[in-house]
Structure formats: structure tokens, C-alpha cells
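Accompanying notes for the structure given below.
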There are 2 protein chains.
Amino acid sequence: MSVVRLVIEYDGTQYVGWQIQPNGLAVQQVVEDALARICGVRHRLVSSGRTDAGVHARGMVAHFVTDKLLPMRAYRDGVNRHLPADIAVRDAALACDDFHARYSARSKWYRYSIYRAAVRSPMACRFSWQVRGRLDVQAMREAAELFVGRHDFSAFRASGCAARTTVRELFSVDLVEEDPLLQVDVRGEGFLRNMVRIMVGTLVEVGLGSRSPCEIEDMLSAGGRDRAGVTAPPQGLCLMAVDYAGQDVFPGQKCLDMSETFR
Amino acid sequence: MSVVRLVIEYDGTQYVGWQIQPNGLAVQQVVEDALARICGVRHRLVSSGRTDAGVHARGMVAHFVTDKLLPMRAYRDGVNRHLPADIAVRDAALACDDFHARYSARSKWYRYSIYRAAVRSPMACRFSWQVRGRLDVQAMREAAELFVGRHDFSAFRASGCAARTTVRELFSVDLVEEDPLLQVDVRGEGFLRNMVRIMVGTLVEVGLGSRSPCEIEDMLSAGGRDRAGVTAPPQGLCLMAVDYAGQDVFPGQKCLDMSETFR
């Protein structure tokens, strides 16, 4: 048996999210269908995690197990010929036997894009959240720093989130200004449902002056969802990359070029 | 009678182009419909020019004449409430009586986005042309310089182009690398149909090594459409801004902030 690891990019606008569910078309379903056209049999994809409806990915990672291995180009170029324009396999590689897209992951990088302008932008709106008021980026940076480290993020998860533990470690929360965009880059070992979007919604409330940065500490210690800010809309969020610390790819196979994935 | 000048942004993916035509929905039609909802009467928009099916605009300029002037915010925020997500009025201003969106224009800026990668990108493909091979950007720059100035561009127009004269002056053709994107910024007094897309198609052939930069001079002097390169696909092209040298806006009115339009 061989383990194959795929890196998948998608524009999530038209999908109910990554994971297969009864209420609409999921990215996972579309990729599994295309893979079945190439393999002749159906493989179940195991992903590094889920993304919600309307959320995008540049570097979603998923693996599948097969006893009939094809050349890696078939899993990339062959599968891509059967995928719609809004989904693509960016990389396919043979992984170590014990590789698991979810359990082997060391960290994930999410990017949230805020579009700062008085008037909405048809070209930017597909991949960003428009915020009209002036944002105090310095105050947002102060607040963002308070998220870094190991905390109980129970105030920053969706009400339907079923995770058993709510403690997560964040490695960094960086605000990058590319005027008129403001990018929020969040890196951490793992995330609760809607966690990045609630963090960003809270940071924007800080930026607009309706909350002070120091309130973040209260939210982290008190833990009620009603204490934190709004949930930022899905179209601004993108899963940029999942990091496996280079342990995932079978020796001799092309290693994932992270700089390419991170673009 | 008053002249109102609009700056309009659109994602052209779903439209047959700017201009109203029988074979599908045009951006002009959608904006005129929304404007009629606000004004109570229908106004005909006169634009700085056309854009083809699938081409985008950040700063299309159009004017209309009215004898019942509303506050400028109605023409921007009011009209935007009746426009779909892929079209927006970015600015509305009272113009001088003799302003004409087409005849008063001094120059236009088009940007063509080339996405350089072996694998297609679902997030980039809506607004760029994917080119797989390695591009020699230096050779492309040499070729681009030869377009600058006053030339007969008859080799660089669509077969259906009805322009009476084919001589146009280009002020600059700049290649900007924002890896993995390569942007081609073309500024000129006016353009023939498909001119920028044929120029870009030709530049890409130079970049791939299938043509040499010096062939551009032959194309410009000989003039047959078959001498130039392929027509680059529409989705990479965007009309960024139209320049009126600050002569268009009525004194006392907010002047168009070109830096905002140019972003």
C-alpha cells in the first residue's frame, strides 16, 4: 500500500466547504470524483482539516491510500484535466507510509484579507472582506500579539464546534499592509471552528475603536463566545499552507516546494 | 443640463463586454438599469471606450447628461445598491459642460496580468493568463520598448476592428514582476480593438523564445495581422484608468483621486 499526498488549491465561493455533506457540493467530492476518473476506483481523501463554506485554500493537503500506484504526474496533471476551473491539484507526491494529512501536520498558516475602502470593489470582493471605517492598525497589532502563545480559545469558536479541547497554540499573528489590503497572517498548531474568523472580527472591532486591545485577555480568560467580536465573513479567509516539517515526503520523491505553496 | 461622470469597476467574467449588444448581458446595460432605478428616468451612458467580453475594469469612465441633478452620493452609493456584486460605481462627480468620456480622454492605462506557473491557479485564473514555459523577461522588455511611440498598429488589431486610422501613440509599455505574476502596463492615447491582447500575445512569444524582439519592428512596418502573435485571452486584461489631465471635474466638486483609481 502506498500513501499519496496532494496539495490542493480552490476558490471556495461556489462550495459548501471542503468536507462532503448533504446540503450541497463540497470540494472533497469534486476532487474524489476527478481522482476516480484517473484511478478507475474511488479513493477516500483524508484532509489536514476542514474549511467552511466560501473559504478558499491555496495549500489544502489531503492524502489517500492505494495499492495501485500511478506516476505522480497523473495525480496532478491527469486529475486537473477533470477538475473545474475553481479547483486544482498543485502538487502530488509519494508520502511515507505513516503519513497522515491531519495527524502529521505541525502547523497551519491562514491568511485573512481585509479590503479597506469606502466603496466596494468587484475585483477584490471575491477574496476579501470590505471594511469601510478607518482602521487603527497599531491598535490591531497590539491586540494581535495577545493571541500569540498557548491559550484557551473557547471564546473564539463557533457555537457548533465539537472539539474536545479548546486550548490551542498560536505561533504568530502578523498584520501585513498591502494598501488597500490589510492581511492578517495567523500561524498555529491547530484551530477551532471559525477561530480565525472570530479573531479577525474582534481585531477589526479593535481597529475601529469599539474595543480596546486589552479586552483580548479578558476574552481568552473568561471564555464565553458572546465576549468576542463578530465572525468575519468567509470569503476573506484562505488556508495558505500546512507544514509537515519536511517529514512527509518519501525519500527520492520531489519534496514540496513550500515557497511555491506560500505564494 | 448637467454632465455627470462615473468611474466604474467591474469583474467582466460574466458579461459580453461593456457595450450593449444583442447576444448577451453587457455591463453598460446593468449600470444603466441601476441608474434608472435611482433617477426615475433612463440615461444613456457614454463611455471612454469599449471593453471586450471577459475583460475587466478598475476605472472605466462614462458620462451622462441630465436636467435633474441628484446629490453625487446618490449616483455612487444609491446606484451601487442596485448593482450586482461584480459591478460598482467607484466615483461620481459633476463634470464640465463640455466633458465627454471618450473625446476628452488624454490617455488610458491597461494592465495585462500573466501568471507564470506549471500548474493552473484557481485563485489567480479569474484575472490572469497562465503561461507554463519560462519567460525571458529581459527579451520581453526589449520587445516592449519597440512598441513605445507613434506607430501604425494595423498588425495588432482584431480582424473586425472598424477604426478608420490605425496609427496610435503609446507612452509606455512596462513589465512589472510580482512573482509569480508578470504585469504588462500599457499607457497610450488610444487603442485599436484587441491591440493590447495581441501585443501581449506577441510579447509572450518573444519571452518563450519563438520570436526575437527585433521582429516587432517588421510587424509595425509591414502591418499584416498574420505577422503578429496570438491574441492573449481576455481575463488577463483590465482597464485600470482613463486620464483626463484633471480637466474634467467641475470646480468645487471632489476631484477624482487617481491614486485610488490606480490601485
Side-chain angles (χ1 to χ4, degrees), chain A residues 6-15 27 30-31 55-60 73 75-81 83-92 111 113 115-128 130 132 178-181 235 238-240 254 257 259-263, chain B residues 6-15 27 30-31 55-60 73 75-81 83-92 111 113 115-128 130 132 178-181 235 238-240 254 257 259-263:
Chain A
L6 305 177
V7 180
I8 300 159
E9 175 176 333
Y10 49 89
D11 170 345
T13 308
Q14 307 289 340
Y15 299 96
V27 177
V30 178
V31 180
V55 171
H56 317 289
R58 289 277 292 155
M60 170 61 91
R73 289 191 76 91
Y75 296 128
R76 191 188 76 175
D77 302 342
V79 172
N80 279 343
R81 277 193 284 276
L83 284 173
D86 54 8
I87 304 178
V89 175
R90 298 187 59 189
D91 189 68
R111 166 167 282 189
S113 299
Y115 180 80
R116 299 172 291 180
V119 186
R120 64 183 171 77
S121 164
M123 291 187 71
C125 68
R126 199 173 181 90
F127 301 113
S128 64
Q130 184 201 347
R132 282 190 167 76
E178 295 178 3
D179 217 30
L181 288 177
Q235 78 277 3
C238 183
L239 172 60
M240 297 296 280
K254 174 179 160 295
D257 177 357
S259 65
E260 163 65 13
T261 306
F262 275 43
R263 261 174 213 146
Chain B
L6 305 177
V7 180
I8 300 160
E9 175 177 333
Y10 49 88
D11 171 345
T13 309
Q14 306 289 340
Y15 298 96
V27 178
V30 177
V31 180
V55 171
H56 316 289
R58 290 278 290 156
M60 171 60 91
R73 288 191 77 91
Y75 297 127
R76 191 188 76 176
D77 302 342
V79 172
N80 280 342
R81 276 193 284 276
L83 285 173
D86 54 8
I87 304 178
V89 174
R90 300 187 59 187
D91 189 67
R111 166 166 282 188
S113 299
Y115 179 80
R116 298 172 292 180
V119 186
R120 64 183 171 79
S121 164
M123 291 187 72
C125 68
R126 199 173 181 90
F127 301 114
S128 63
Q130 184 202 343
R132 284 189 166 77
E178 295 179 5
D179 217 30
L181 288 178
Q235 78 278 2
C238 183
L239 172 60
M240 298 295 280
K254 173 180 160 296
D257 178 357
S259 66
E260 162 66 14
T261 306
F262 275 42
R263 260 177 214 143

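Source: prediction; values computed, not measured. Below, read A as the first sequence line, B as the second, and so on, with proteins coming before strands; counting in each chain starts at 1.
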Worksheet item: If we only count heavy atoms from C-beta on, is the A:Asn80 to B:Val119 side-chain gap below 4.5 Å?
Response: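 Side chain of A:Asn80 against side chain of B:Val119, heavy atoms only: contact under 4.5 Å found.
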Discussion item. Out of B:Ala118, B:Ser121, B:Gly12, return the one with the most heavy atom pairs under 4.5 angstrom to chain A.
Written reply: B:Ser121
Discussion item. Taking every non-hydrogen pair under 4.5 Å, which of B:Cys238, B:Ala88, B:Cys125 racks up the most with chain A?
Written reply: B:Ala88
Worksheet item: Quick one: does A:Arg120's side chain have a donor or acceptor within less than 3.5 Å of a partner on B:Ile87's backbone?
Response: yes
Discussion item. I need the A:Met123 CE to B:Glu9 CD distance, nearest 0.5 Å.
Written reply: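 It comes to 6.5 Å.
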Fill in: Region of A:Tyr10 that comes under 4.5 Å of a non-hydrogen atom in chain B
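For A:Tyr10, backbone heavy atoms alone lie under 4.5 Å from chain B.
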